[in-house]
Amino acid sequence: MIHFAKRRPMQKKVRTLFFLVNFAVAACAQKYEKFPAGQAIRGDVLTFDSSVINDPSDIPKFRYGPQTFAEMNNVENLSGPRFRMLLGGDLRIQESIGTVITNSEFTGYTIPRLEYRTVDGVVKPLNSKSLAMLSAGYQFDALINKVQDLTGKQPSEFFQGYDQFSIIFHPSIEITDSGEQTRKYENSNAAYVAGAKQFALFSLGNSERVPMSFNPQVLAHEFGHAIFERSFFANKYERCTPGQEYEDRLFKGRLETEFIVRGINEGFADFVSFVWTGSTNILQSSVGDSLATRERDFSKFALDYETYSTKESLACQGRFYCIGTLWAKTLFEVFNSRGLDAKSIQSRQTFLREVVSLKETVGNLLRENQGERLPDLDASVRNCLSRDTLRPFNDGDLLAAFFESLIESAEPALRQSYCSAIIKYFGTSGFPVSARGGCP
């Protein structure tokens, strides 16, 4: 299931922020009017300022003001060539893994109509809902516009096989659990719908300081899942059939079902958020300080695979999020070992393009020759069941196959940095000596 943040009273400064923004937009607006056609759209949105980040564990400063949209060409309907926003509707979730929805149906949406007025060429949202939609649209607009810088792929190549992402804003959610459906209207989170090229932005929760539905750190994380799907899964997220017993080493949906791959996916998405904002502290800006948010701060939280394999006292409770933190820590260690500047977005993007290329090659290698590199199926994977806790023996074998393929795929001059970092955080249980043949 998707795990939602606990409810807490809003912080005073958050209430103040939204009061000031709502006052500002209401004071300058009395009626709806169209933005002039043919002009680059510039609108007041909530976004981030990474210039205040002196340490990667810092969180960005958030600011409200005009920004120029690079992709969006229809401000009324919040759409452009590469994305469209859809309002409301019913999102029926049969299966989700972390913030990746793996099986769902979406129906009943409407096309949004932004309520705004134009002042001196700037779109001014008239209410908090319009502000949230416009701010979320701006974040995806900016991410999509930089897809080549982030992935090394031309937009035409990245979007091959589909035209655009759909951004589902504040859907009603039906979650199926043990055969029972429950409807939830005010769940606080954001998610990526695997295979459907959709981002789901849930409604505002009382605990949120900066709403997850338009927090740049959170949305960059979700966009990271889309990049992972494009690279590691070769732009084709597959599903197996639960309850059917599979015998082939590689069957449709095997890699998508593996516990370790889901953890690697989460860690990669966290690293993409760091690349975008300069902060490794992904969640604190939205939900405050807690053990769970500290565990996700991969530049600071002390963790290794042996500790994780033998203790379940962590907030992730043996789930795949700690694998994600370990993988994000590994990538961050490699980044630092190269002497790269964490404050430079160009340095971060250059490194990410290297990682994306490696992920693509590793995914292809693991699928090659009917998955001959993959370990034998464990009982849960054989039956297409998404296991939620670590099994050190089975998962260690898959980690070994993943790491061995990654080292083989890396440029010879770069292998030592990956080997050293993987050994540091995954040890011999996650990266056994037998899999280190490609290490210098």
Side-chain angles (χ1 to χ4, degrees), residues 47-50 53 56 60 67-72 80-83 99-100 136-167 190-192 194 197-199 214-235 237 264-280 282 298-299 324 327-328 330-332 334-336 338 340-363 406 409-411 414:
T47 185
F48 70 100
D49 179 3
S50 60
I53 297 177
Q67 297 291 330
T68 301
F69 288 73
E71 300 277 333
M72 189 170 73
R82 296 299 189 186
F83 74 92
T99 62
V100 178
Y138 174 74
Q139 293 308 323
F140 284 109
D141 181 275
L143 284 159
I144 290 169
N145 181 247
K146 294 297 183 181
V147 73
Q148 185 172 354
D149 292 334
L150 294 168
T151 69
K153 305 286 186 185
Q154 293 278 354
S156 58
E157 184 180 5
F158 186 86
F159 285 89
Q160 186 175 7
Y162 65 104
D163 294 326
Q164 59 185 185
F165 288 113
S166 293
I167 303 166
Y192 177 65
K197 312 300 184 187
Q198 295 173 340
F199 297 96
F214 57 89
N215 184 336
Q217 294 181 280
V218 174
L219 298 191
H221 170 96
E222 302 307 337
F223 197 77
H225 289 310
I227 296 174
F228 193 85
E229 181 175 301
R230 175 63 182 81
S231 54
F232 183 81
F233 290 125
N235 208 29
Y237 193 96
I264 293 291
N265 191 349
E266 288 295 334
F268 175 78
D270 276 356
F271 194 80
V272 170
S273 182
F274 158 66
V275 169
W276 188 243
T277 66
S279 172
T280 62
I282 308 299
F298 58 83
S299 70
W327 180 235
T330 300
L331 293 175
F332 190 67
V334 175
F335 180 91
N336 287 329
R338 307 267 185 86
L340 298 173
D341 182 4
K343 295 182 181 180
S344 166
I345 190 169
Q346 288 77 21
S347 294
R348 301 194 304 266
Q349 290 175 343
T350 298
F351 181 74
L352 179 62
R353 293 194 294 271
E354 174 189 316
V355 174
V356 169
S357 179
L358 280 175
K359 286 283 199 303
E360 185 171 5
T361 304
V362 169
L406 185 141
S409 305
E411 294 291 332
L414 305 179

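The figures that follow rest on heavy atoms only: side chains count, while hydrogens, waters and symmetry mates do not.
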**Asked** Looking only at heavy atoms, what is the nearest atom pair of Asp141 and Met72, with distance?
**Response** OD2-N, 2.6 Å
**Message:** For the CH2 atom of Trp276 and the CD atom of Gln217, what is their distance to the nearest 0.5 Å?
**Reply:** 13.0 Å
**Prompt:** Looking only at heavy atoms, what is the nearest atom pair of Thr280 and Ser299, with distance?
**Reply:** OG1-OG, 2.6 Å
**Complete:** Looking only at heavy atoms, the pair that brings Pro60 and Phe48 closest together is CB-CB, 3.9 Å
**Lys359 side chain near Val356 side chain, heavy-atom distance below 4.5 Å** = no
**Complete:** Hits for side-chain contact (heavy atoms from CB on, under 4.5 Å) against Thr361, two or more places apart or cross-chain, chain-then-number order -> Leu365, Ser409
**Asked** Can you check side chain to side chain contact (heavy atoms under 4.5 Å, CB included) on Val334 and Phe351, steps first, answer last?
**Response** CA-CA 9 Å; Val334 175; Phe351 181 74; 3.7 Å; yes
**Request:** Using ring-ring contact (aromatic ring centres under 6.0 Å, His included) as the criterion, point out the one residue from Phe214, Phe83, Phe140 that pairs with Phe199.
**Result:** Phe140
**Prompt:** Can you tell me how far CD1 of Ile144 sits from CZ of Phe158, rounded to the nearest 0.5 angstrom?
**Reply:** 8.5 Å
**Asked** What's the shortest heavy-atom distance between Gly137 and Phe69, and which atoms?
**Response** C-CE2, 3.9 Å
**Message:** Return the CG to CG distance between Leu150 and Leu352, rounded to the nearest 0.5 Å.
**Reply:** 6.0 Å
**Item:** Arg82 (side chain) donor-acceptor with Asn145 (main chain) under 3.5 angstrom
**Value:** no
**Asked** Tyr237: what forms a ring pair (Phe, Tyr, Trp, His ring centres under 6.0 Å) with it, not counting sequence neighbours?
**Response** Phe233
**Message:** Please give me the minimum heavy-atom distance between Asp341 and Ser347, naming the atom from each residue.
**Reply:** O-CB, 3.7 Å
**Test side-chain contact (heavy atoms from CB on, under 4.5 Å) applied to Thr350 - qualifying residues, sequence neighbours left out** = Arg353
**Message:** Show, in sequence, the C-alpha distance, side-chain angles and deciding distance for Leu414 and Glu354, and conclude whether the side chain to side chain contact (heavy atoms under 4.5 Å, CB included) test is met.
**Reply:** CA-CA 10 Å; Leu414 305 179; Glu354 174 189 316; 3.7 Å; yes
**Request:** Check whether any side-chain heavy atom of Tyr192 lies under 4.5 Å from a side-chain heavy atom of His221, and answer yes or no.
**Result:** no
**Listed partners of Thr277 passing side chain to side chain donor-acceptor pair (under 3.5 Å), at least two apart** = none
**Item:** Heavy-atom check, side chain of Val100 versus side chain of Glu266, under 4.5 Å
**Value:** yes
**Prompt:** Between the side chains of Asn235 and Lys197, does any donor sit under 3.5 Å from an acceptor?
**Reply:** yes
**Prompt:** Residues in side chain to side chain donor-acceptor pair (under 3.5 Å) with Glu222, at least two apart?
**Reply:** Thr99
**Prompt:** Taking C-beta and beyond as the side chain, do Glu360 and Lys153 meet within less than 4.5 Å on heavy atoms?
**Reply:** yes
**Prompt:** Do Phe332 and Pro56 touch side chain to side chain, with heavy atoms closer than 4.5 Å?
**Reply:** yes
**Prompt:** If you count the non-hydrogen atoms of other residues, nucleotides and ligands that lie under 6.0 Å from CD in Gln160, is the total more than 12?
**Reply:** no
**Item:** Spacing of OG belonging to Ser273 relative to CZ belonging to Phe298, to within rounding of 0.5 Å
**Value:** 7.5 Å
**Prompt:** How many angstroms lie between atom CG of Asn265 and atom CZ of Phe228, to the nearest 0.5 angstrom?
**Reply:** 4.5 Å
**Message:** Taking side-chain contact (heavy atoms from CB on, under 4.5 Å) as the definition, give me every residue that meets it alongside Ala234, ordered by chain and number, with sequence neighbours left out.
**Reply:** Arg367
**Asked** To the nearest 0.5 Å, what is the distance between CG (Leu219) and OH (Tyr138)?
**Response** 12.5 Å
**Item:** Verdict with supporting geometry, Phe268 and Phe271, ring-ring contact (aromatic ring centres under 6.0 Å, His included)
**Value:** CA-CA 5 Å; Phe268 175 78; Phe271 194 80; 7.7 Å; no
**Item:** Pro81 and Gln164, any side-chain heavy atoms less than 4.5 Å apart
**Value:** no
